[in-house]
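Everything on this sheet refers to the single structure shown next.
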Amino acid sequence: MEREEELAVRLAEVKSEIPSHVTLIVVTKTFPTSDVQLLYKLGERNFGENRDSEGSEKSLEVPDDAIWHFQGGVQSNKLKSIVSWSDYIHSLDDLSHARKISQYAQEIGKTQRCFIQVNLDEGELIPGQRSGVKPRELMEFASAIVGLPALEIVGVMGVGPLDGDPKIAFSNLKKSSISLQSEIPSAKYISAGMSGDYKIAIEHGATHIRLGSSILGSRSPAP
Ligand SMILES: *Cc1c(COP(=O)(O)O)cnc(C)c1O
């Protein structure tokens, strides 16, 4: 019961800060399935994972109306599995991945909903370091994938900068969202904001926030 109470209290605190139009995704990565089950019991339905293996395991242990979000770095050999359990992929930034996603989704008769990840770092990208398409490349990327038969673009996703002003980053993401909607009017979602910056993200139009530590506590260092 203790863990359930702890989660209930943190959840209530966080939820009092979130307007009702914003979807809370509880990022359960590194936490046990038992935590996801408690969160489900407390009424949460949206869960986020960064690794295929964790997401595919946990998604089997929670009722079917849970909604699973994959937001980690994409490894192309994991895509088939990710498509099998995730409702949304937030971290799409690669054309070959998009083609594979559509192909795998088509094979199992689903349409895979995806956010395009936009890189919000200032300055030039250091290859292999931080993910996302550059804002100036967003429209070209979107038009390259918009015709894929079993992939639906639902919006943009961003991760606040490591150093740098989250206000500037999230207002740039909002601009990217507006451009994207000029081409794809239904792509309205903005996935932005983690435990440290979600209030700022909401001020800049986030429709989906991804919170881990503020609800579940601190994670042990990533392996
Ligand atoms: C881990 C992670 C989160 C959650 O981070 P917290 O700071 O624990 O809220 C959100 N988004 C992404 C992409 C992550 O990797």
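Bear in mind that the values here come from a model prediction, so they are computed numbers and not experimental data. Both counts, for ligands and for their atoms, begin at 1 and track the order of listing.
- In this structure, D64 has no salt bridge (Lys or Arg N to Asp or Glu O under 4.0 Å) partners at least two apart in sequence or on a different chain.
- The closest side-chain donor-acceptor pair between S53 and E57, if any, does not fall under 3.5 angstrom.
- A donor-acceptor pair under 3.5 Å is formed between the side chain of D93 and the backbone N or O of G132.
- When Q71, K29, M157 are checked for heavy-atom proximity to atom 2 (C) of ligand 1, K29 turns out nearest.
- Among residues at least two apart or in separate chains, side-chain hydrogen bond (donor to acceptor under 3.5 Å, both in side chains) pairs with a member in residues 209-218 are S191-R210, S195-S213, S195-S214.
- Taking atom 11 (N) of ligand 1 as the reference point, the nearest protein heavy-atom neighbour is R210 NE, 2.9 Å.
- What sits closest to atom 5 (O) of ligand 1 on the protein, heavy atoms only, is M194 CE, 3.6 Å.
- Close contacts of ligand 1 with L211, meaning ligand atoms under 4.0 Å from a residue heavy atom, involve 9 (O).
- Note that CD of Q103 and CG of L151 are 12.5 Å apart. Values are rounded to the nearest 0.5 Å.
- The shell of residues lying under 4.0 angstrom from ligand 1, judged by heavy atoms, includes R219.
- Every atom of ligand 1 with a heavy atom of N50 under 4.0 Å away is listed here by number and element: 14 (C), 15 (O).
- Shown in contact with S195 at under 4.0 Å from a heavy atom are these atoms of ligand 1, numbered in order with element: 6 (P), 7 (O), 8 (O), 9 (O).
- Residue-ligand proximity, G212 to ligand 1, at heavy-atom distances under 4.0 Å covers atoms 4 (C), 6 (P), 8 (O), 9 (O).
- Between the side chain of S81 and the backbone N or O of K78 there is no donor-acceptor pair closer than 3.5 Å.
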